[in-house]
Every structure is written in C-alpha cells, then in structure tokens.
Amino acid sequence: MPSTLTDNYNRIHNYMRISITDRCNLRCTYCMPEEGMTFLPNEQLMTDDEIVQIVRVAAKLGIRKIRLTGGEPLLRPNVVNLVQELSQVEGIEDLALTTNGLLLAKMAADLKKAGLKRVNISMDSLKPERFKQMTRGGNLERVLEAVERCTEVGLAPLKLNVVLMRGFNEDEWDDFIQYTIDHPITVRFIEYMPIGGRQQGWKRDFISLEERLKGSKWHDQAIPVDKPRHGGPAAYYRLPGAKGQFGLIHPVSDHFCDTCNRLRITADGYVKPCLYWSDEFHLRHHIGDDAKLAEVLIRSLEAKPLNHEMAYELSGQSLSHQPTTRTMSQIGG
C-alpha cells in the first residue's frame, strides 16, 4: 500500500518514532538538566492499547518502520509485551528501539523473541569515568555487556550512537573508529542539536562532524560505503578490513531535511512533524476514532516546514518558526 503521508514538499513519510516514556535512569548532559526535571504523571502517558491503535492507523497510511524511544524505553512496565503487540501489526516491517543500554543485557533475548528487530545504543564515551560524567551516573561496563548480549541473540545490525560535544568527547573520535575494526557494529557520530532551549551552552559545545573527520588519523583510510538497508540519514565509511563501519549524522552543518521521512509521537500522545519546531497535534484525544487519528496524522504534515534552521542558531539569524521548548527526553530521542 503506498503511503498517503506526503507533505507539501512531496516527502513521503513511512517512519514513526514513538516515545513510550519521558522518564530516564540517566541525566545525559545534552538531553536533560541534572536536577529539576518534572515527569509526566502515569495517567498522562499513552497506554499500550493507545500506542497500538495509533500504530495500526499509521500502518494503514503507509508507516512501515517503528522505533520506540524515550526517555529510557526499557523503564516502561511490560515493554516486552508492547513490543510483541506492535510486531504483530499488519504492515509494520521493521520494529527497532533506542536505549541507553543499562537494562538491555537482561532483556535482550526476550525483546528479540517478542519481535524486536534492531537496537541502537547511546554510548558517548569509551572511558568509564568520562561516561559516568557525561551521563551523570552511567555504568559503561553494563552497556558494553548489553552490546555483547545483543550480538549473541541476533539484534542486528547493532548501532552505537555517539553525540559529539566539543570539550567532552571529541578526542575519542579515533578510538570509536578503531572500535569498528574488531567489532561488527556501526558507530554513528551525531552532531549536538540545540533542542529544548539549550542554545547558549550548545553554541559552545557544538562541533561539526566534517571538521572532526578531517582531523582524524583515519581520514585518508576511511572508505565511503553504501548505506545499509536501515541506514537512515547517515553517510557511512569503513576502514580497510574492518568488521564494522561508522557513520556521520550531521543535522546542523549539513541537514538532510529534504529527505526526511519521519514523524514523532511524544509519550503524552502528540504528533510532532519536525523535531526542532514547536508544532504539535494531539492524537490521544481521538483514541477510539481511527478516521480522526488518520486525519490528524495527515494534517500534521501540512505544518511541516521545508527545513529546521538549526544552523541559524550558530550565526544568530532570525528563525521563521518557534523552536520547541521540550527536551529530547520529552520528545523522544
């Protein structure tokens, strides 16, 4: 069935990211403040049945790929059962999850059995103490254990997401690339984005991925490769003889808005057509009415701009729309 989720710029949307909780067991520096976060009461979070209904409607409109996010999605009670229900929705071809990995090792086998296809793990440092500092309490050993467990149970291809920040972890660039030599995984470097009113600190900490690649000792050896089937917006490279590969996701310095194919659903049931802008459309209010849910999804795309203008924050240019005030944990990372 062809997708009916086409915006005003003829971009076809077949990918939906769903936040299933705004809670997290870490406080990563680029995602949320160390203190003062107010989380949604349970009654404001979408129920499993509501999420499944939204996905069923979305699948009929052409959504084929679902990614569960948070917060930390593995904190949600009965998440394995939710995965099983979503994996059985007709039309959904790919079901993936993004996690910080702390709870993943003990759940990986059950998630795979329930129908989860792939996992992305956030891992911003290979140094235990720095990892603990950047995540404000994370245990790198537990995350590395999760990486091994996912490989064992077949949650593949496995991707590690690294948000690169000047003064924090940009000196580990070559270490992460070297990690791909002996490990059959994909490391994806992601530019730090000015989401949720973090513009001032963001300007100081932002670093362009192309700038960092040119300064890498691996620069002359990196071979461009074709995107894998589930490659997303990254540009991919591989070192000669390496088991894995690495990718660059540069939403700020070289945005890929012209090929955007995704919608985001917040944990409290709003659809966001664009990560950066404040436009939101309430879906949860229409649970029980498939026609109305479909109407809201289609209408949300009418408000989707051509691009997000994140780079304007660097130069001080005025913006054409109002940026979101939600943090990444509230939107769904």
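Taking the charged nitrogens against the carboxylate oxygens, R64 and D94 have no contact shorter than 4.0 Å, which rules out a salt bridge. Ionic pairing of K117 and E93 is not present here: no N-O contact between side-chain nitrogen and carboxylate oxygen is shorter than 4.0 angstrom. Ion pairing between a basic and an acidic side chain is recognised when a charged N comes within 4.0 Å of a carboxylate O; E295 and K292 show such pairing. Between R326 and D22, none of the side-chain N atoms (NZ, or NE/NH1/NH2) sits under 4.0 Å from a carboxylate O, so this pair counts as no salt bridge. Salt-bridge annotation for D48 and R76: present, with a side-chain N of the basic residue lying under 4.0 Å from a carboxylate O of the acidic one. With respect to R264 and E280, no salt bridge is recorded, no charged nitrogen being found less than 4.0 Å from a carboxylate O. Taking 4.0 Å as the cut-off between side-chain N and carboxylate O, E152 and R149 count as a salt-bridged pair.
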Atom pairs and distances, side-chain donor-acceptor, residues 243-251, under 3.5 Å, sequence neighbours left out:
| residue | atom | partner | partner atom | Å |
| --- | --- | --- | --- | --- |
| Q245 | OE1 | R238 | NH2 | 3.4 |
| H250 | ND1 | D254 | O | 3.0 |

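Following chains of ILVMFWY side-chain contacts shorter than 4.5 Å, one can reach W202 starting from L319, so the two form part of one hydrophobic cluster. Follow the hydrophobic side-chain contacts under 4.5 Å out from L45 and you never reach V271; the two are in separate clusters. V119 and Y15 fall into different hydrophobic clusters, defined by Ile, Leu, Val, Met, Phe, Trp and Tyr side-chain heavy atoms under 4.5 Å apart, directly or through other members.
With values rounded to the nearest 0.5 angstrom, Y276 atom OH is found 11.0 Å from N307 atom CG. For the atom pair NZ of K304 and CG of D279, the computed distance is 11.0 Å after rounding to the nearest 0.5 Å. Remark: I287 CD1 to T47 OG1 distance equals 7.0 Å, nearest 0.5 Å. Between N25 atom CG and L102 atom CG the span is 5.0 Å, to the nearest 0.5 Å. Once rounded to the nearest 0.5 Å, the distance linking CZ of R284 with OG1 of T266 reads 10.0 Å. Atom-to-atom distance recorded for M123:CE and L140:CG is 6.0 Å, nearest 0.5 angstrom.
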Exercise. Walk me through it: do I177 and V187 pass the test side chain to side chain contact (heavy atoms under 4.5 Å, CB included)?
Key: CA-CA 7 Å; I177 294 178; V187 170; over 6 Å; no
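The backbone N or O of L209 sits nowhere less than 3.5 Å from a side-chain atom of S253 that would complete a donor-acceptor pair. At distances below 3.5 Å, not a single donor-acceptor pair connects side-chain atoms of R17 with backbone N or O atoms of I66. In this structure a side-chain-to-backbone donor-acceptor pair under 3.5 Å is present from H13 to R11. Looking only at distances, a side-chain donor or acceptor of K272 sits under 3.5 Å from a matching main-chain atom of W277. Remark: side-chain polar atoms of R166 are not paired, donor with acceptor, to backbone N or O of K203 under 3.5 angstrom. Looking at R23, its side chain does come within 3.5 Å of a backbone N or O of L40 through a donor-acceptor pair. A donor-acceptor contact shorter than 3.5 Å links the side chain of R27 to the backbone of C24. A donor-acceptor pair under 3.5 Å links the side-chain atoms of Q330 to the main chain of T327, judged by distance alone.
Ring-plane geometry between Y179 and H183 is classed as parallel, the angle between the planes falling under 30 degrees on a 0 to 90 degree scale with a further cut at 60.
Counting heavy atoms of neighbouring residues, nucleotides and ligands inside a 6.0 Å radius, atom NZ of K106 does not exceed 12 of them. By the neighbour-count criterion of 12 heavy atoms within 6.0 Å, atom CG of D258 is densely surrounded, having more than that number from other residues, nucleotides or ligands. Residue H285 places its NE2 atom among 12 or fewer non-hydrogen atoms of other residues, nucleotides or ligands, all under 6.0 Å distant. With a 6.0 Å radius and a threshold of 12 heavy atoms from other residues, nucleotides or ligands, K112 has its NZ atom above the threshold.
Counted by atom type alone, E72 and T99 present one or more donor-acceptor pairs between their side chains at under 3.5 Å. Side chains of D124 and N169: a donor-acceptor N/O pair is absent below 3.5 angstrom, by distance only.
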